[in-house]
Amino acid sequence: MAENKQIKRDDEWQAEKKHLDECRKLIASNIEEYKRQYEKMRKETKALFNEVQGGNVELYDQLLTSRSLEEHSLNRLNNNRAAYDKPFFGRIDYRNLSEKLFETVYIGKHGVMRDKVNVEIVDWRAPVSTVYYENELGAGSYSTPESSYDIDLKLKRTFDIEDGALQGYYDSDVAANDELLVKYLSKNRDAVLGDIIATIQKEQNEIIRESPFRNIIVQGVAGSGKTTVAMHRISYIMYNYKERFTSNEFCIVGGSDLLIDYITGGLPELEVYDVKHMRMDGLLTYLLKKEWKKKYKLVPPQPDLAWKSKMLFAEELENYLWRMRRKLLDGCEVSDDEIGMLLSRNNNETFIADNPDYSINRLLTVLDERLKSRIKLQCVGREEVDIYKRKLAQYRNYFKAYCYKGDVVSIYLKFLQSYGAAHDIDVTRVSENISGGCFDIYDVAAMLIIYYRVLQKKPDEEFGQMFIDEAQDFGAAVYYALRTVLPECFFTVMGDVSQNVNYECGMNDWDDMREKVFCGEKDCFKLLAKSYRNTIEISEFAGKVLESASKGAYKIEPVIRHGEPVHFIDSISLEETAGICAETIESMLKKGYETIAVICFDDVQKAEAEKRIGRLLADSGQTKIKFAETDKDSFGKGVTVLTVPETKGLEFDCVVLWRADFEECRENPKAAKLMYVAVTRALHELFAVGSDKA
């Protein structure tokens, strides 16, 4: 019996090797064909472009078609080239109970066609691929936009393929237990990012494939793959809903340029191009349009002014603007002695109530248009020839005269005085800053609400999908402002309240977000509890810090991957700390680690560490060692010195903590959150230099 099983395994191995070889031959053939097509279309496009430039404008439509075909050929060429070394990573065998067929499907990072109609390798984003990520063996189902299918899953197989050679395969129900996942997680950071599609977990896949017409909040512990899930969700939506959303409707939002650069750097690999990306402060000022002046300056929020970040502040601003709206629009009945009732009070109040998202100025403008139409109707059949023109002139800009002519800053300053008086808060410093042209992000959020409620002329339809990473670093008032001014946009909000580095102003729980911002019937909250980033040793240590940071509200469930114990190294002087750090960096580079971060706990520490470690590394003759240029918004290989907030959303092969103070973390949740962020940046090894063991 054992011998028969071994023969079967050998036969299967040979069959899979043969199938891999056949797929690679097909892909090689596709590459040659698409290369030929691309060269042909490129020449044709160039010739047509020259004709159009020469004045033959009748060929313009033909030029657009040729460009589209050229781009299609290039995309197919690039996809097949990318698929050649690793054509597929998964296989599912199932009986389609709905159509009574038995099917074998190979799944890859890129779809591969055998010919114009037959698919050889299915793209991971295709509906049937969800079976690989979510279904256990046995009864299951999957859905397409047109239909749903009941299936009986017989086999789920994950392949380990490197450089076109089959290294192994694993038959498993749960990818988290696969040897392959642990193997991928043991690689350096860049390798992990490249291989993650093969090992997307069920809970991650559910978020990736959630309807794009829902708002999602995702609470995910450090290393749970929040950023990766967001990137794959963008790719999934663009692949499956290309008729509904264009790439320029997508926007990625983060707290730092470094984080955004890290995210966008991986998107081309997922066939995601031309999406917008902004820092949160940049997005808010962008949405303010001309109300944000070049002379204005953004300043960091101050902890003692954290009341501006809370929902109470946003709610009272809304009440203030509602009273302003009622006052301006009260008594807008219009009756004329000659031609009768033009706009009744009830009619106007119904119209105003039916359009709660119209700004005050937009309502007044539309009321003028309604008044014109009513005048025309009332003048029909009148004997006086010029009465229509006379009445139009009489009521020209009747409501527009009441439009607010000031700017958002004026309204905001008046509201601040009102809010301060109501809550016994001294708003003098805030008012002086604003009068001097200095605004923090919460001032901008408040001004955005004012702009939307009072001045906006037409709705902003630029954004259809918004992806926000490290969301916990901003208070709920920011999200209320975004949700208010972009009512037709759908949000994917990723964060971890245990990693809130802006303790006073950011979010330490999701309550306000779930109860007052994203609280619709279709809005949902998802939880990612497993950490795939750190080794067991680092995760267990992070768990101890997390107890102090969030009182254990969201615990880490680590994937079983062992590594080196956390290294605790005492030091006394700055010179000794720098020497230990320099020696550690050189040792880690020799081990083959490509991304190493020295993490500091404030800007003073960062300047000290850069100066001292940089000098020591230079003196040792390690001229190849260079510090990453974080001021140029780039994240890549090398040694990087960063403060904790600058590391948000990033990960490194090795992390060295500069003069870490664990004693303060035990009593101070704010310090514990910073420490939790710092220790969870490490993929493989973590060194704490300059402090006693926690």
Side-chain angles (χ1 to χ4, degrees), residues 217-222 226-227 253-260 262 278-285 297-314 429-430 433 438-448 468-482 493-514 516-517 545-546 548-551 553-554 599-606 630 642-650 661 664-665 667-681:
I217 299 174
V218 179
Q219 158 61 37
V221 299
K226 297 184 295 297
T227 302
V253 183
S256 70
D257 292 325
L258 201 63
L259 172 59
I260 293 170
Y262 174 65
M278 304 183 193
R279 288 202 321 254
M280 180 65 85
D281 53 6
L283 172 64
L284 295 177
T285 56
K297 181 182 177 183
L298 279 166
V299 296
Q302 300 300 307
D304 62 326
L305 302 177
W307 43 269
K308 292 188 293 180
S309 69
K310 310 304 179 188
M311 275 303 301
L312 176 64
F313 186 69
R429 180 154 55 101
V430 181
N433 287 342
C438 294
F439 306 82
D440 68 26
I441 195 168
Y442 300 107
D443 296 319
V444 181
M447 291 160 58
L448 190 55
I468 303 174
D469 202 9
E470 299 298 327
Q472 74 284 339
D473 289 342
F474 305 100
V478 162
Y479 300 101
Y480 180 81
L482 288 175
V493 179
M494 321 287 288
D496 179 9
V497 292
S498 298
Q499 297 185 62
N500 173 23
V501 297
N502 299 320
Y503 187 77
E504 292 83 5
C505 299
M507 287 186 292
N508 295 304
D509 59 58
W510 294 106
D511 294 351
D512 276 347
M513 288 282 278
R514 298 179 67 182
K516 298 177 179 179
V517 183
V545 178
L546 186 59
S548 300
S550 62
K551 306 304 179 188
Y554 298 108
I599 300 180
C600 307
F601 294 86
D602 57 44
D603 290 327
V604 174
Q605 282 191 355
K606 178 183 175 182
T630 56
L642 300 164
T643 61
V644 176
E646 289 173 332
T647 69
K648 296 304 294 296
L650 307 179
D661 184 355
E664 186 181 5
C665 296
E667 305 298 329
N668 185 341
K670 179 179 179 179
K673 285 177 185 278
L674 288 170
M675 185 62 71
Y676 175 65
V677 172
V679 301
T680 54
R681 300 307 96 193

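Using a 4.0 Å cut-off between charged nitrogen and carboxylate oxygen, K226 and E470 do not count as a salt-bridge pair.
Applying the salt bridge (charged side-chain N to carboxylate O under 4.0 Å, His left out) test between K648 and each of D473, D496, D257 identifies D473 as the sole match. For the pairing with T647, the side chain to side chain contact (heavy atoms under 4.5 Å, CB included) check across L258, V677, T680 returns one residue only, V677.
The structure places NZ of K673 at 5.0 Å from OG of S498, a figure rounded to the nearest 0.5 Å. The line from CG of L674 to CG of D661 is 12.0 Å long, rounded to the nearest 0.5 Å. Atom CZ of R681 and atom OH of Y676 lie 8.0 Å apart (nearest 0.5 Å). To the nearest 0.5 Å, atoms CD (Q605) and SG (C600) are separated by 5.5 Å. Here CG of L259 is found 6.0 Å from CG of L650. Values are rounded to the nearest 0.5 Å. Distance CG/L284 to CZ/F439: 13.0 Å, rounded to 0.5 Å.
When all heavy atoms are compared, the tightest approach of K516 to Y480 is O-CD1, 4.2 Å. Residues V493 and A471 approach most closely at CG1-CB, 3.3 Å, considering heavy atoms. Taking every heavy atom of both residues into account, Q499 and G220 meet most closely at NE2-O, 4.4 Å. Among all heavy-atom pairs drawn from M311 and A476, the shortest one is CG-CB, 3.8 Å. Smallest separation of non-hydrogen atoms from K310 and A477: O-CB, 3.9 Å. The shortest heavy-atom contact between P669 and Y503 is CB-OH, 3.8 Å.
Of the possible donor and acceptor atoms, none in the side chain of E504 sits under 3.5 Å from a partner among the backbone N and O of N502. E646 places no side-chain N or O within 3.5 Å of a backbone atom of L642 that could act as its donor or acceptor partner.
Looking only at side-chain heavy atoms (C-beta outward), I599 and V644 come within less than 4.5 Å of each other. Counting heavy atoms from C-beta on, the side chains of V299 and N433 never come closer than 4.5 Å. Within the 4.5 Å cutoff, the side chain of I468 has heavy atoms near those of the L482 side chain. Using a 4.5 Å heavy-atom cutoff, the side chains of L305 and R429 are in contact. Between D440 and D443 the shortest side-chain heavy-atom distance falls below 4.5 Å. No side-chain heavy atom of M507 sits less than 4.5 Å from a side-chain heavy atom of D512. Contact of the Q219 side chain with the Q472 side chain is not registered, since no non-hydrogen atoms from C-beta on lie closer than 4.5 Å. Between I441 and L298 there is no side-chain heavy-atom pair separated by less than 4.5 Å.
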